[in-house]
There are 2 protein chains.
Amino acid sequence: MSENEDGNEKEKEKEKEKENENVGGSAGEAGGGGPRRVSMTPGARRVLEAAGRLFYERGIHAVGVDLIAAEAGVTKKTLYDRFGAKEQIVVEYLADRDERWRAFLAPYLERARTPRSRILAVFDASRDWAERSLPRGCSMINAHAEISDPAHPAYAVITGQKVWMLALFTDLARSHAPRRATSLGRTLMLLHEGGLVAYGMGVFPGAIDHARQGAELLLRDAPHPPTT
Amino acid sequence: MSENEDGNEKEKEKEKEKENENVGGSAGEAGGGGPRRVSMTPGARRVLEAAGRLFYERGIHAVGVDLIAAEAGVTKKTLYDRFGAKEQIVVEYLADRDERWRAFLAPYLERARTPRSRILAVFDASRDWAERSLPRGCSMINAHAEISDPAHPAYAVITGQKVWMLALFTDLARSHAPRRATSLGRTLMLLHEGGLVAYGMGVFPGAIDHARQGAELLLRDAPHPPTT
DNA sequence: TCCATAGTAAACCGATCTGTATACTCACTC
DNA sequence: GAGTGAGTATACAGATCGGTTTACTATGGA
């Protein structure tokens with residue numbers, strides 16, 4: 001363990017990752033706690049794509065590695081060479097979803113210019129995100145229902161995303177009404193989560209838009225403007 | 001199918017159900033769409049108890065019938081004689097939870113006397129219910145994450161409970177503010193669902209109480225009183 | 001030419017999955 | 001005392017689970 005000139009090898013690896021579509025990493029980089037552990041070879045990418053689709057549609061426990069490998073068009077050998085265990089695929093799946101969501105959300109926040117509109121922009125982003133890729137509700141909530149053990153490496157990804165969202169709402173709330181930022185942030189979080197759940201279960205149509213209406217009501221109510 | 005004097009047999013069955021703690025069934029009876037299909041013998045009761053506990057703690061797909069039978073102290077033969085299939089145990093599990101919740105909620109609603117306090121009583125009941133038996137969040141939401149097929153017989157139980165809750169909130173909202181009952185009922189539903197999710201995932205402490213605060217704000221805001 | 005990387009193909013492991021079968025016991029009742 | 005309902009004990013079926021192994025191929029630098 002003394003004679004590894006990693007400097008040389010790193011250069012090679014970096015050059016090979018020309019097709020890696022990293023999203024800059026401006027506001028991201030908190031995908032799951034650490035850097036990606038697996039080298040995303042073409043086969044690994046197809047595995048992750050297939051696993052993500054199957055996990056979300058049928059549930060994590062209901063999908064076996066044989067099916068994932070078959071859908072990805074790779075053998076189980078390749079799958080285990082890349083990921084080592086199904087558990088790791090689950091972690092990558094959730095971290096990937098989280099990363100994508102934050103990248104999707106970012107331009108919505110950047111476009112909005114007032115604190116109020118930035119808060120509402122989160123709901124707009126969620127609605128658009130849900131309509132295009134969340135027919136069965138939030139991936140994190142669904143995964144949490146299946147992963148009971150807090151020691152599971154995916155658990156941190158799940159709770160991490162929710163904590164991040166709460167911090168985001170609280171930060172945005174602070175800009176709008178500093179005096180009640182904590183409380184307002186939490187209420188926004190509840191409306192948002194409720195919207196996601198109600199949307200995923202089809203309780204009533206337009207659940208996320210309705211959550212946005214609820215948020216508007218909250219913001220109109222005692223907005224603590226510049227003291228007039 | 002002609003010679004069954006059910007009048008005689010019914011009496012016997014009813015006498016045997018002395019230990020059955022049916023809660024009158026005033027507002028209930030919508031447990032899952034139909035009457036219980038399985039005869040709840042002592043063995044069956046133990047199966048349902050064990051399955052309920054295991055399903056909730058570890059997830060439905062993660063628990064096998066062998067484990068359920070072992071935990072219940074019955075053989076798989078008994079289990080299959082009573083329930084026929086694991087699927088049916090899942091249905092009974094969810095219908096049972098739903099029934100218990102409605103029975104738990106009823107006295108909270110009866111004690112409250114104003115429309116406003118009746119709405120808040122739902123959140124009070126949920127907080128108490130969650131603290132005593134929902135460390136991992138709402139059973140229905142968790143089950144929905146695992147059961148993707150709408151044709152699954154448990155699906156109707158899941159969505160049925162949420163629809164019932166929405167109807168309850170809407171009814172209560174109608175007594176408080178008839179003009180905006182639909183919208184208010186939906187927002188209350190979102191806050192409530194959000195509270196359940198946030199509580200189950202431990203996003204921040206006292207999530208259901210905070211949802212109640214959000215509801216209070218909603219009710220204070222434009223309460224549409226008797227026109228003054 | 002050599003060699004590491006990434007992959008295919010296919011068999012195999014022990015364990016577990018849902019579900020069924022046979023054979024028997026016990027308690028209660030008509 | 002025969003019959004019935006509820007249960008035990010145990011073995012087994014066929015499939016699938018996560019995971020491993022051996023043998024081989026294609027590719028693209030150094």
Side-chain angles (χ1 to χ4, degrees), chain A residues 4-6 8-20 38-48 50-51 54-55 58-93 146-147 149 152-154, chain B residues 3-5 8-9 11-13 15-17 19 38-48 50-51 54-55 58-91 93 146-147 152-154:
Chain A
N4 53 349
E5 307 178 14
D6 47 322
N8 194 7
E9 282 197 313
K10 256 186 184 173
E11 274 188 355
K12 268 195 290 181
E13 284 181 5
K14 283 217 170 182
E15 276 188 349
K16 270 199 173 178
E17 275 176 358
K18 57 195 170 186
E19 54 189 346
N20 193 345
V38 311
S39 59
M40 289 304 270
T41 62
R45 219 178 293 272
R46 295 207 305 280
V47 166
L48 195 54
L54 291 167
F55 283 160
R58 309 188 192 184
I60 293 170
H61 281 127
V63 172
V65 290
D66 296 82
L67 178 59
I68 295 172
E71 289 274 309
V74 304
T75 60
K76 286 208 291 173
K77 173 71 158 58
T78 298
L79 185 151
Y80 274 96
D81 282 349
R82 292 299 126 232
F83 295 90
K86 181 189 179 184
E87 199 175 63
Q88 189 61 31
I89 306 181
V90 176
V91 172
E92 299 292 341
Y93 152 60
E146 294 205 71
I147 299 172
D149 182 15
H152 193 293
Chain B
E3 56 208 348
N4 53 349
E5 307 176 14
N8 194 9
E9 282 196 310
E11 274 189 353
K12 267 195 289 181
E13 285 181 5
E15 275 187 348
K16 271 201 175 178
E17 278 175 357
E19 53 189 345
V38 311
S39 59
M40 287 303 269
T41 62
R45 217 178 293 272
R46 294 206 306 278
V47 167
L48 195 54
L54 292 167
F55 283 160
R58 311 189 191 183
I60 293 170
H61 281 127
V63 172
V65 290
D66 295 82
L67 178 59
I68 295 171
E71 289 274 307
V74 303
T75 60
K76 285 208 293 175
K77 174 71 157 57
T78 298
L79 186 151
Y80 273 98
D81 281 349
R82 294 297 126 232
F83 294 91
K86 183 190 179 183
E87 196 175 65
Q88 188 62 30
I89 305 182
V90 176
V91 172
Y93 152 61
E146 294 205 71
I147 299 172
H152 192 293

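The structure displayed is predicted, hence computed values, not measured ones.
- When all heavy atoms of A:L54 and A:E71 are compared, the closest pair comes out as CD1-CG, 3.8 Å.
- Between A:T41 and C:dG7 there is a side-chain N or O to OP1 or OP2 distance below 4.0 Å.
- Atom CD1 of B:I68 is separated from atom P of C:dT16 by 15 Å (rounded to the nearest Å).
- Rounded to whole Å, the distance from CD on A:E87 to P on D:dG18 is 12 Å.
- Within the structure, a side-chain polar atom (N or O) of A:T78 is placed less than 4.0 Å from OP1 or OP2 of C:dT8.
- Atom-to-atom, CD of B:Q88 to P of C:dG19 comes out at 11 Å; the value is rounded to the nearest Å.
- A straight line from CZ of A:R45 to C1' of C:dA6 spans 14 Å, rounded to a whole angstrom.
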At a cut-off of 3.5 Å, list every protein nitrogen or oxygen paired with a nitrogen or oxygen from nucleotides 20-23 of chain C, distance to 0.1 Å.
none

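- Contact between B:A44 and B:S39 at its shortest, heavy atoms only, is CB-O, 3.8 Å.
- Annotation: side chain of A:T78 is not in contact with side chain of A:T41 (no heavy-atom distance under 4.5 Å).
- Across all their heavy atoms, A:V90 and A:A154 have their closest contact at CG1-CB, 4.1 Å.
- Across every non-hydrogen atom of B:E146 and A:E146, the tightest pair is OE1-OE1, 3.5 Å.
- Between the NE2 atom of B:H61 and the P atom of C:dT18 there is a distance of 9 Å, given to the nearest Å.
- For D:dG7, one of the phosphate oxygens OP1 or OP2 lies less than 4.0 angstrom from a side-chain nitrogen or oxygen of B:R82.
- As a whole-Å value, the separation of A:R58 CZ from D:dT16 P is 12 Å.
- Nucleic acid contact for A:D66: base, since at least one base atom lies under 4.0 Å from a heavy atom of the residue.
- Of all heavy-atom pairs between B:A72 and B:R46, the closest is O-NE, 2.9 Å.
- Comparing atom distances between the B:V65 side chain and each of D:dA6, D:dA9, C:dT18 picks out C:dT18 as nearest.
- Remark: P of D:dA6 and CE of B:M40 are 13 Å apart, rounded to the nearest angstrom.
- One atom, CZ of B:F55, and another, P of C:dT18, lie 8 Å apart when rounded to the nearest Å.
- Closest contact between the side chain of B:K86 and the listed nucleotides C:dA9, D:dT8, C:dT18 involves C:dT18.
- Among all heavy-atom pairs drawn from A:A50 and A:I68, the shortest one is CB-O, 4.1 Å.
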